[in-house]
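Everything on this sheet refers to the single structure shown next.
Position 1 is the first residue of the sequence, and the numbers go up from there.
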Amino acid sequence: MLVRENKNKEMVDSIKIGLERTGGYCPCKVVKSEENKCVCSEFLQQIADPDYEGFCSCQLYYKEK
């Protein structure tokens, strides 16, 4: 299992600006809660699934099998 940043540098830069603006909360989530702090709990659960491969919801991180 490998988790890496998105290879699209422009997208990563934009997401990181959003994270700064929101105080570390996922910029694609409406609710600011501990579950939505980057790395969000949704993606942590996806990482734990050995069959999951794909991006987190904001597309900052990608999990490869």
Side-chain angles (χ1 to χ4, degrees):
M1 171 191 74
L2 173 68
V3 176
R4 62 169 172 78
E5 277 191 351
N6 190 326
K7 292 179 181 178
N8 182 329
K9 183 172 174 12
E10 287 180 34
M11 182 176 278
V12 168
D13 290 346
S14 177
I15 295 165
K16 286 185 176 182
I17 289 169
L19 285 167
E20 287 178 25
R21 188 185 72 244
T22 63
Y25 293 96
C26 185
C28 69
K29 305 280 186 182
V30 176
V31 177
K32 289 184 181 179
S33 68
E34 285 304 308
E35 292 177 341
N36 295 334
K37 271 277 206 193
C38 188
V39 173
C40 68
S41 62
E42 177 184 3
F43 193 55
L44 290 173
Q45 290 173 4
Q46 291 169 328
I47 291 170
D49 179 354
D51 294 324
Y52 179 80
E53 181 169 10
F55 285 101
C56 66
S57 57
C58 70
Q59 306 228 348
L60 178 59
Y61 295 108
Y62 186 84
K63 181 202 171 203
E64 298 176 356
K65 286 188 184 180

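The salt bridge (charged side-chain N to carboxylate O under 4.0 Å, His left out) pairs that include a residue from residues 5-18 are Glu5-Lys16, Lys9-Asp13, where partners are two or more places apart or lie in different chains. The list of side-chain hydrogen bond (donor to acceptor under 3.5 Å, both in side chains) pairs with a residue in residues 43-58, not counting sequence neighbours, reads Glu53-Tyr62.
Gly54 and Phe43 get closest at one heavy-atom pair: O-CE1, 3.9 Å. Of all heavy-atom pairs between Cys58 and Ile15, the closest is O-CD1, 3.0 Å.
Partners of Ile17 according to the side chain to side chain contact (heavy atoms under 4.5 Å, CB included) rule, which considers only residues two or more places apart in sequence or in another chain, do not exist here. For Ser33, the side chain to side chain contact (heavy atoms under 4.5 Å, CB included) partners are Val31, Glu35, Asn36, not counting sequence neighbours. Under the salt bridge (charged side-chain N to carboxylate O under 4.0 Å, His left out) criterion, Glu64 pairs with Arg4, sequence neighbours left out.
By the criterion of side-chain heavy atoms lying less than 4.5 angstrom apart, applied directly or through intervening Ile, Leu, Val, Met, Phe, Trp or Tyr residues, Ile47 is not grouped with Phe55; the two fall into different hydrophobic clusters.
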Donor-acceptor pairs under 3.5 Å, side chain of residues 19-29 to any protein atom, not counting sequence neighbours: which ones?
from  : atom 1 : to    : atom 2 : distance (Å)
Thr22 : OG1    : Gly18 : O      : 3.0
Thr22 : OG1    : Leu19 : O      : 3.3
Thr22 : OG1    : Tyr25 : N      : 3.3
Thr22 : OG1    : Tyr25 : O      : 2.5
Lys29 : NZ     : Glu42 : OE1    : 2.5

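Leu2 belongs to no multi-residue hydrophobic cluster, having no ILVMFWY side-chain contact under 4.5 Å with any other such residue.
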